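Note: hydrogens, waters and symmetry copies are ignored here, and every other heavy atom, side chains too, is used. Order of listing sets the numbers, starting from 1, for every ligand and every atom in it. The model shown is predicted, which means the values in this text are computed figures rather than measured ones.
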Amino acid sequence: MELAQLTRDLDALRDEALAQAAAAPDSASVDAIETDVLGKKGRLTGVLRGIGALPVEDRPRVGAVANTVRAAIEAALAERRANLRGSELAARLERERIDVTTPGRPIRRGTLHPSIEAMGDIARIFGQFGFVVHESPEIEDDQTNFQMLNIPPDHPARDLWDTLYVDVPGRLLRTHTSPGQIRVMQAMEPPIRALLPGRCFRYEAVDASHGFEFFQVEGIMVDEGTTMADLKGLLDEFARAMFGAGRKTRFRPGYYPFTEPSVAFDVECLVCGGPGCPACGRSGWMTILGAGMIHPVVLRHGGLDPERYQGFAFGMGPERIKMLKHGITDLRLFMENDLRFLEQFA
Ligand code: DAH
């Protein structure tokens, strides 16, 4: 091996590598050329192996040539890389193009369950009159659900509330929200204005107008000098806010052991507006709740002196209110979770 030959080989290698670099279609091929030519086991190293056969005095010159060759190839590779970077970025941006002006996909919104929606409406209306929502337990004791409300163990009025009992003696699933009245009276001093919404349970055969599980909203107001006129005025305002201005209302005598006197509160039929139709049993009226002046015995059980305090209470079914409002004829729809029904509500 002589010097001239080795120098020619290096020049040839450089020319070939520069041509390859200039033609490399992408940066992966630039990397491949780099490994092939400049790598540890690459072609440049291969050519330089010939150095050992040269006379000692020639070796440094070959080293110098090899260095310029290496530098030239490195520069060519770097330049090609830089050129490709721009076009590859452009290609990638094109491939991953995002149209930021595309409208977003709408998020499916859930709706309030109609029972919850009705309880919200009721709470909002009575809230305007200073009524505050309280909670009371779904598992009650016989004492609070019945006895404190003036319904002793053998009282025939117990037939009004078919009861589901739990395994603990004396405990039951509340049949109405009225026991909350006792709890509120025991917990606070008059003036009391409380609203008690919640789930109730009865041992009922399920049909279009009976369920074993439903909601009620109880209301209670106690203060000095509270009268039935206050009750009537409040319920009138409620009926107008809930069913529309100008609705006629009426009190009918009713019976509940915990109120005296007791009333049923009716609004003008929401379907026929008075003359009578199948929806109102041809009476022209729809009953929306039960109410009355709190029985002195019940006030006393609540820890209040009936000589000093008077009060009224009322209880209504939010499902019933919704049924009347929207002409729904089957109570079972409220517990079946059929989306075709539920999605019709806000
Ligand atoms: N608790 C009664 C029921 O479940 C409804 C009721 C009637 C509640 C009259 C009251 C009331 O507070 O005064 O049928």
Side-chain angles (χ1 to χ4, degrees), residues 115 118-119 122-123 126 129 131 133-134 136-138 140 142-151 155-164 172-186 192-204 209-223 226-235 238-239 249-266 286-299 301-302 304 306 309-321 323 331:
S115 301
M119 288 194 284
I122 295 165
F126 284 105
F129 295 96
F131 282 72
V133 171
H134 286 250
S136 101
E138 290 175 0
E140 262 298 358
D142 186 284
Q143 183 84 357
T144 319
N145 193 79
F146 289 124
Q147 296 173 46
M148 307 275 252
L149 290 169
N150 204 24
I151 314 166
H155 197 282
R158 285 221 179 189
D159 291 348
L160 292 173
W161 296 278
D162 295 308
T163 308
L164 288 161
L172 45 79
L173 297 181
R174 66 173 169 198
T175 58
H176 50 177
T177 44
S178 300
Q181 291 182 30
I182 301 290
R183 294 184 178 273
V184 165
M185 284 190 282
Q186 287 176 344
I192 295 170
R193 267 174 291 183
L195 219 52
L196 294 144
R199 220 177 265 275
C200 304
F201 310 87
R202 285 187 203 173
Y203 185 62
E204 295 272 4
S209 49
H210 296 83
F212 59 85
E213 184 186 9
F214 51 91
F215 287 96
Q216 278 192 346
V217 180
E218 191 84 12
I220 173 172
M221 167 158 172
V222 184
D223 201 354
T226 303
T227 69
M228 196 132 171
D230 297 322
L231 173 62
K232 188 149 198 309
L234 177 69
L235 293 183
F238 167 69
T249 61
R250 73 174 183 188
F251 269 6
R252 262 183 317 119
Y255 174 72
Y256 297 99
F258 32 87
T259 43
E260 182 57 39
S262 303
V263 296
F265 182 64
D266 298 351
M286 289 174 155
T287 301
I288 58 168
L289 54 82
M293 300 306 293
I294 301 172
H295 198 291
V297 166
V298 176
L299 282 171
H301 286 149
L304 302 175
Y309 295 113
Q310 297 76 40
F312 58 72
F314 53 87
M316 71 186 90
E319 287 91 4
R320 182 168 168 74
I321 302 260
M323 289 170 81
L331 177 68

Any non-hydrogen side-chain atom of Ser209 less than 4.5 Å from a side-chain atom of Leu331? no

What do you reckon, does Gln181 put a non-hydrogen atom under 4.0 Å from ligand 1? yes

Going by the order shown, which atoms of ligand 1 are within less than 4.0 Å of some heavy atom of Gln216? 3 (C), 4 (O)

Could you check whether Phe238 and Phe131 have their ring centres less than 6.0 Å apart? no

Got the closest protein heavy atom to atom 10 (C) of ligand 1, with its distance? Glu218 OE2, 3.4 Å

Part of Trp161 within contact of ligand 1 (heavy atoms, under 4.0 Å): side chain

Is it true that a side-chain atom of Thr163 and a backbone atom of Trp161 form a donor plus acceptor pair closer than 3.5 Å? yes

Run the ring-ring contact (aromatic ring centres under 6.0 Å, His included) check on Phe212 and Tyr203 step by step: do they pass? CA-CA 6 Å; Phe212 59 85; Tyr203 185 62; 9.8 Å; no

Could you tell me whether Tyr256 and ligand 1 have an N or O pair separated by under 3.5 Å? no

Atoms of ligand 1 close to Phe258 [distance to a heavy atom under 4.0 angstrom, numbered from 1]: 1 (N), 2 (C), 6 (C), 7 (C), 8 (C), 9 (C), 10 (C), 11 (C)

Compare all side-chain heavy atoms of Arg183 with those of Glu140 and state whether any distance is below 4.5 angstrom. yes

The atoms of ligand 1 lying under 4.0 Å from a heavy atom of Ala291, numbered in the order shown, are 9 (C), 11 (C), 13 (O)

Compare all side-chain heavy atoms of Gln310 with those of Thr227 and state whether any distance is below 4.5 angstrom. no

Quick check, are the ring centers of Phe258 and Tyr256 under 6.0 angstrom apart? yes

Going by the order shown, which atoms of ligand 1 are within less than 4.0 Å of some heavy atom of Gly292? 13 (O)

Compute the shortest N/O to N/O distance between Thr175 and ligand 1 and return yes if it is under 3.5 Å, no if not. no

Identify, by atom number and element, the atoms of ligand 1 in contact range of Arg202, meaning under 4.0 Å from any of its heavy atoms. 3 (C), 4 (O), 14 (O)

Residue Thr259 vicinity, atoms of ligand 1 by number, heavy atom under 4.0 Å: 13 (O)

Gly219 to ligand 1: N or O pair under 3.5 Å? no

Closest non-hydrogen atoms of Pro257 and Asn150, given as atom of the first, atom of the second and distance, are O-ND2, 3.0 Å

Under a 4.0 Å N-O cut-off, is there an ion pair linking Asp266 with Arg250? yes

Look at atom 13 (O) of ligand 1 and say which protein heavy atom is nearest, naming residue and atom and giving the distance to 0.1 Å. Ala313 O, 3.1 Å

